[in-house]
Each structure stands twice: as structure tokens, then as C-alpha cells.
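Let me begin by presenting the structure, written as C-alpha cells, before commenting on it.
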Amino acid sequence: MAEQAFVTLATNDSYAKGAMVLAKSLRNHKTSKKLVVLVGPHVSDQSRAVLHKIYDEVRLVDVMDSGDTAHLAMMKRPDLGVTLTKLHCWTLTNYSKCVFMDADTLVVSNIDELFNREELSAAPDPGWPDCFNSGVFVFRPSNETYSKLLQYCTEHGSFDGGDQGVLNGFFSDWSTTDITKHLPFIYNMSSIAIYTYLPAFKQYGANAKVVHFLGRMKPWSYTYDPKQRKVRGDVQEASHPSFLLEWWALYSGEVVPMLFREYGDQPFHSGCEEDVALSQDAPPPMSSAERKQKWEQGQADYMGIDSFDNIQKKLDAFLK
Ligand code: UDP
Ligand code: MN
């Protein structure tokens with residue numbers, strides 16, 4: 001029997017950070033499924049290298065050169081770029097069944113039981129519960145479904161401009177035909193729920209299995225102080241302050257060291273305050289070749305960039 005997989009998508013380095021944390025959270029909760037990430041051509045080599053270490057499969061998707069149907073659809077509907085990229089998950093036909101998860105989701109408990117559900121299973125959207133939210137859904141890869149989806153997309157577009165509109169249009173009987181396709185809200189819990197129905201959140205929130213940082217502010221939009229374990233920025237407005245902290249703990253503890261390893265001497269801002277401070281102290285950038293030469297000539301900048309403090313910070317970041 002073909003394998004089953006969790007699938008996500010990242011078209012840039014910011015969403016790639018989300019994808020890294022998501023995969024770590026799935027592995028930490030001992031999933032037995034494969035992990036697949038679709039990446040767009042703008043994801044950096046360094047991010048891809050880290051994704052390769054965490055995911056079983058990293059698949060490059062580029063709607064602009066991926067066969068005629070997708071390309072044509074793209075030309076007719078350039079506004080649906082990221083949406084068309086997400087629909088690509090139906091082409092993963094080496095898997096029998098998959099669960100798609102947005103890169104801004106975090107798993108807080110094992111959710112392998114989702115594979116007992118059928119296409120298309122998803123949780124209600126908190127804003128319009130007759131629609132499903134497309135941040136988490138169960139599907140069956142199929143080239144036939146993929147071309148039907150693309151055809152639907154070019155003919156009808158998306159009523160919200162994104163993948164959720166297309167998918168709700170295509171799987172339009174979701175809300176009426178089969179209740180087993182309604183995933184409980186705990187599989188896609190978004191912050192909006194806390195504000196719109198606080199008593200329900202108090203009653204059921206502790207059972208959450210997947211947290212979705214839906215909306216404009218994503219976890220990586222904030223900064224983090226690893227020493228005090230505090231998220232900085234307008235956290236008031238933040239979705240799920242406690243889950244946001246959980247996201248940052250995982251990111252700074254398990255993902256940032258991997259990213260630093262890939263970036264080496266090249267500049268990289270993790271979003272943790274330590275390396276922001278580090279980069280502010282630093283003298284004008286010197287190429288790594290120049291720096292190596294200076295070291296070899298015995299001219300290390302012991303009071304500046306090569307100070308013991310900086311070396312220790314780097315070592316700590318690696319060892320954490
Ligand atoms: N996405 C992406 N690049 C983008 C925007 C979106 O890779 O520039 C992917 C990513 O997996 C993301 C999903 O598409 O989680 C849906 O977008 P988003 O989560 O921002 O929408 P929301 O859940 O806030 O409605
Ligand atoms: Mn999302």
C-alpha cells in the first residue's frame with residue numbers, strides 16, 4: 001500500500017520557518033507518517049537545506065513551468081498564484097492519502113488518526129462555519145482531481161481570492177452531505193475563536209491538537225527574547241499568547257541552530273533578540289574570505305566581531 005503523508009507549502013523563507021516548526025512539532029509528537037513540503041523557487045538554498053534535514057521529501061513546485069494546464073491556468077488567473085501552488089498537493093500521487101497543513105499551524109498532540117478520514121475532511125471556518133477552513137484538510141492525491149480543480153479555478157476563480165474559496169466552491173457539498181468530513185475544531189483551532197466565544201475556549205481549548213496562527217500576524221512577525229522566554233511586539237493582539245510562546249520555544253531551540261549552521265558566516269536574522277544585538281554591535285560587514293585571511297594573519301578582531309562573547313553566543317546557538 002502506498003504511503004501516507006503530511007504536506008505543507010512554503011513559497012518564501014518566512015513561511016519556510018513555519019514549515020520547519022510544523023514538521024518539528026509533528027515529529028516531536030511521534031507521527032508515523034511521511035512529511036512532505038512543497039517549496040516555491042524563491043525559497044533560499046539555506047532554507048531548503050534545513051527543510052531537507054527535517055522533511056522526508058522536499059518538492060519544488062513552480063506553476064510557471066509545470067505542464068500546460070497549470071501554466072495556462074496561471075496565465076488566465078495570475079491573481080491566484082499561491083493558490084495554484086497549494087493545489088499542487090493533489091499531484092503527490094506517490095502517496096495514497098495526505099493531510100495538508102498550512103505552514104502557520106503548530107501540532108500540540110499526535111494527530112495521525114486524521115488519516116482515518118476521507119477526502120475532503122476539514123474543520124469549519126470560524127468566520128463562516130458553512131465553509132471549511134483550508135488550513136488543515138484530508139485529501140487523496142489524484143491527477144484527475146488536480147486537473148478538475150485547475151479547470152474549476154480558471155472557470156470560476158476564487159470567491160475570496162485564495163485557495164479556501166476555490167476548494168469550498170469545488171467541494172461544495174462539504175457542509176451538507178457527510179458529517180464525518182467535519183473535523184472537530186480542535187484540529188484547526190484559530191485565535192479568532194478565543195475572542196468570539198471565550199467560554200467555549202475555556203471549556204474545550206485545552207483539548208486543542210492543532211493551533212492555526214491565521215491572519216496577518218504570523219509567529220515569525222514577532223521577535224523573541226530567549227533568555228527571558230518572552231515574545232516581543234504587540235502580543236496583546238497576538239493569536240494564542242501561550243501557543244505563540246510554544247512556537248518560539250520550538251523555533252529558537254530546534255530550528256534556529258540548524259539555520260545558523262547553514263548560513264555560516266553569511267548574515268541571517270533569526271528573529272531572536274540575541275542575534276539582532278549581535279548584528280548591531282558588528283562593524284561593517286567583511287566577507288568571510290577577508291575574515292579568514294585576517295585570522296590566518298593573526299589579526300582576529302578580539303574586541304569586536306571575534307570577541308569571546310560573540311564566539312560563545314555562536315557556540316551556544318549551535319549547542320542549544
Ligand atoms: N503560503 C505561502 N506563501 C505565501 C502565502 C501563503 O507559502 O506568501 C502558504 C503557507 O503554507 C500558508 C498557506 O499558504 O500557511 C495559507 O496562507 P496563510 O496561512 O497566510 O493564510 P491564513 O491562514 O492566514 O488565511
Ligand atoms: Mn494559515
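Atom set for the values below is all heavy atoms of this structure, side chains included, hydrogens, waters and symmetry mates excluded. Bear in mind the structure is a predicted one, so any value in this text is a computation, not a measurement. One is the number of the first residue; the rest follow in order along the sequence. Counting starts at 1 for both ligands and their atoms, following the listed order.
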Enclosure of K34 NZ (heavy-atom neighbours >12, cutoff 6.0 Å): no
Shell of residues surrounding ligand 1, defined by a 4.0 angstrom heavy-atom cut-off that is strict: L9, A10, T11, N12, Y15, V82, D102, A103, D104, H212, L214, G215, K218
Heteroatom count (protein N, O or S) under 2.8 Å of the Mn ion (ligand 2): 4
Donor + acceptor pair across side chains of Y197, Q203 (<3.5 Å): no
Crowding at CZ, R229 (>12 non-hydrogen neighbours, <6.0 Å): no
Y204 atom OH: more than 12 heavy-atom contacts under 6.0 Å: no
Over 12 foreign heavy atoms within 6.0 Å of CD, E113: yes
Residues S44 and D13: side-chain donor-acceptor under 3.5 angstrom: yes
Enclosure of H156 NE2 (heavy-atom neighbours >12, cutoff 6.0 Å): yes
K33 charged N/C atom sitting above F115 aromatic ring, 6.0 Å / 45°: yes
Option among M20, E262, K17 that satisfies the side chain to side chain contact (heavy atoms under 4.5 Å, CB included) test with S47: M20
